[in-house]
Every structure is written in C-alpha cells, then in structure tokens.
Amino acid sequence: MVNPLILRSADFFPRSGQTVAVADRYPQNVFAEHTHEFYELVLVWRGNGLHVLNDRPYRITRGDLFYVRAQDKHAYASVNDLVLQNIIYRPERLALNFDWAGCIPGLDDAGWMPHWRIGSSGMLQARQVITQLEQESTKNDALSNSMAEALFAQLVILLKRHRFATDNLAAADSEPLLDKLITALSGSLNRSFILERFCEQEQCSERTLRQQFRNQTGMTINHYLRQLRICHAQYLLQHSEQMIGEIAMQCGFEDSNYFSVVFSREVGMTPGQWRHRSRVTA
Ligand code: RM4
Ligand code: NI
C-alpha cells in the first residue's frame, strides 16, 4: 500500500509554539486520505460532501461535527459547496487545568464516538467563540496562547452542551425545523420517510422547508436521504455478517434488487464487491 499522507503541524499552525488554531475551509475541496500530527474538530456549516473517516463513509452537511484524532485517517470526496472549519490542536500542549477529556470524545481511549450533530442555536454560539479564537491565534504576545486555550475550553464545553447523537430527535426538538428535519431523516434509515407527514406534524410549508434544505445543504431531501441510506449500508456491509437482503431492509429498501441497482450506481461497485473490498483492505 502507498504511504498515507501525514499532515505536519509546522505546515498548518501559523506559529510554532501554538496549541490551537483555526483552519477555515471556505470551501473544503476534495482532499486525499491523511493522518495528522495534531487533532482536529470539524464543524460543517453548509453544502455537502462525502467524508470518509477510518474507511467509513459519512455524507456530511450543515451541523455535522467530528472529533478527529491525530492517528485517524480521513478524506473528503465528491464535495459540493462544502464549507467547514477545522479547529486544530495539540493535546500534549494543553496547559490549562481543565477536564479536557470530559469534553472531547476520543481524547482518552474510552468510548470514542466521532460523529455528532449540533443544531442552529449551538452553531451560532460556536461561531462566535471560533471567531474570537481565530483572532486570538493570529496574535503573538505573551498571553495569546493562554487566551486561545481558554477560548478553546469554552468552545469544547459549548459543543458538549449542544451536541447530540445524529438520530436523537428529542434533543433536536427545541431546534429550528431544518435541524429537526435532518435529525428525523437520520432516524428513519430503516423505513420510509414521508415529508408530507413531517410537515403536517410540524405545521409548516413543505415547499419552504424543501427550499431551505436545498439552500443550506446543496442537495434535495431525497438525495440526502438516499446518500444516508447508502452510507449506512456500506457500514453494515463492512461490519456485519448479515445477508445483503437483510441489509437492504435495514436501510429502508424493500426490494433487494432495487437496492443493489441504487448501491452500484452511487458507489461504483455492487454491495458484494464493496463488502469484499473492505474486508481485504481492512
Ligand atoms: C485540510 C482538511 C484536513 C485538515 C487540514 C488542516 O483542508 O480539512 O482534514 O486536517 O485541512
Ligand atoms: Ni484532517
């Protein structure tokens, strides 16, 4: 296998002694698989893309949040107006006496869950702290490193308070409709999703919601849901022994042949080939 790309701290931190910095990706372009000398938080603001983290594909869009460790390998593929920010940091330099591991999943070895979501209200607050952090990390005085670290602490607390599991509808309940919709879509991978019913329950206009979704994510609702289903199928093919027909059902496809057709079109290989390929490269 080819040597994986390792991103060096010296190339990504503006100054050498820095503990934390912000790397804006307006937009994030396609980026080859890599690991890092540093850790990163990834916050997705808008658009969409395929994020492959440790060989698992995630269709990402507005509100997605990832906790990436130095040794994790990841890549961005087939991006579409994808806008995100990386908060890059070096845990070994964190000097503030604070429970970092209690706020950042993956910082110690216990139970790492890399993928979360945050709703619009949390995003708004996070954006403000990130802006301050960004300004601070361009400064070069005696206190800027401490100030940046304090802001980073504030950010990770804020994210802990606002983040929720991707399909946790109760947590998204108080969020604006777009957030609720995205969460409801993640929660209906194994069944059909009827937008009309969702809009009836929420008493909102289907047309407005469709438009809003499109503006923020660059996709239609159907396209996104199909991508979520396919990503989930890819995961199940990699990590379970279930028959392809069972996996199709769990991903909301009643007809296993139709599932194979859609899967092949989106992934470029059949479900069986994908399963085989991910077994041999693992
Ligand atoms: C890249 C990409 C990588 C990140 C670096 C800092 O554009 O987002 O994931 O590690 O920036
Ligand atoms: Ni990276």
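Every heavy atom of this structure was used, including side-chain atoms; hydrogens, water molecules and symmetry mates were not. Note that ligands are numbered from 1 as they come in the structure, with each ligand's atoms numbered from 1 the same way.
The salt bridge (charged side-chain N to carboxylate O under 4.0 Å, His left out) test applied to Arg210 returns Glu206, not counting sequence neighbours.
By the 4.5 Å heavy-atom criterion applied to side chains, Pro271 and Phe259 are counted as neighbours. With contacts defined as side-chain heavy-atom distances shorter than 4.5 Å, the pair Cys231/Leu50 qualifies.
Salt-bridge formation is not detected for the pair Asp11/Arg8: no Lys NZ or Arg NE/NH1/NH2 atom is positioned less than 4.0 Å from an Asp or Glu carboxylate oxygen. Between Glu200 and Arg197 there is no salt bridge, since none of the side-chain N atoms of the basic residue sits less than 4.0 Å from a carboxylate O of the acidic one.
Listed by chain and number, the protein N, O or S atoms at a distance under 2.8 Å from the Ni ion (ligand 2) are His34 NE2, His36 NE2, Glu40 OE2, His74 NE2.
Residue Arg59 forms a side-chain hydrogen bond (donor to acceptor under 3.5 Å, both in side chains) with just one option from Gln227, His51, His223, His232, and that option is Gln227.
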Note down each nitrogen or oxygen pair, ligand 1 side and protein side, whose separation is under 3.5 Å; give only atom names and the distance to 0.1 Å.
unit_1: ligand 1; atom_1: 7 (O); unit_2: Arg25; atom_2: NE; d: 2.6
unit_1: ligand 1; atom_1: 7 (O); unit_2: Gln28; atom_2: NE2; d: 3.4
unit_1: ligand 1; atom_1: 8 (O); unit_2: Gln28; atom_2: OE1; d: 2.7
unit_1: ligand 1; atom_1: 8 (O); unit_2: Asn86; atom_2: ND2; d: 2.9
unit_1: ligand 1; atom_1: 9 (O); unit_2: His34; atom_2: NE2; d: 3.0
unit_1: ligand 1; atom_1: 9 (O); unit_2: Glu40; atom_2: OE2; d: 3.1
unit_1: ligand 1; atom_1: 9 (O); unit_2: His74; atom_2: NE2; d: 3.1
unit_1: ligand 1; atom_1: 10 (O); unit_2: His34; atom_2: NE2; d: 3.4
unit_1: ligand 1; atom_1: 10 (O); unit_2: His36; atom_2: NE2; d: 3.2
unit_1: ligand 1; atom_1: 10 (O); unit_2: Glu40; atom_2: OE1; d: 2.6
unit_1: ligand 1; atom_1: 10 (O); unit_2: Glu40; atom_2: OE2; d: 3.1
unit_1: ligand 1; atom_1: 11 (O); unit_2: Arg25; atom_2: NE; d: 3.1
unit_1: ligand 1; atom_1: 11 (O); unit_2: Arg25; atom_2: NH2; d: 2.9

Query - Pair His36-Val68, side chain to side chain contact (heavy atoms under 4.5 Å, CB included): steps then yes or no - result: CA-CA 9 Å; His36 326 76; Val68 179; 3.8 Å; yes
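Seen from the ring of Tyr76, Arg25 does not count as a face-on cation partner, given the 6.0 Å and 45° thresholds.
Screening residues 239-259 for salt bridge (Lys or Arg N to Asp or Glu O under 4.0 Å) gives Glu241-Arg279 as the qualifying pairs, with residues at least two apart or on separate chains.
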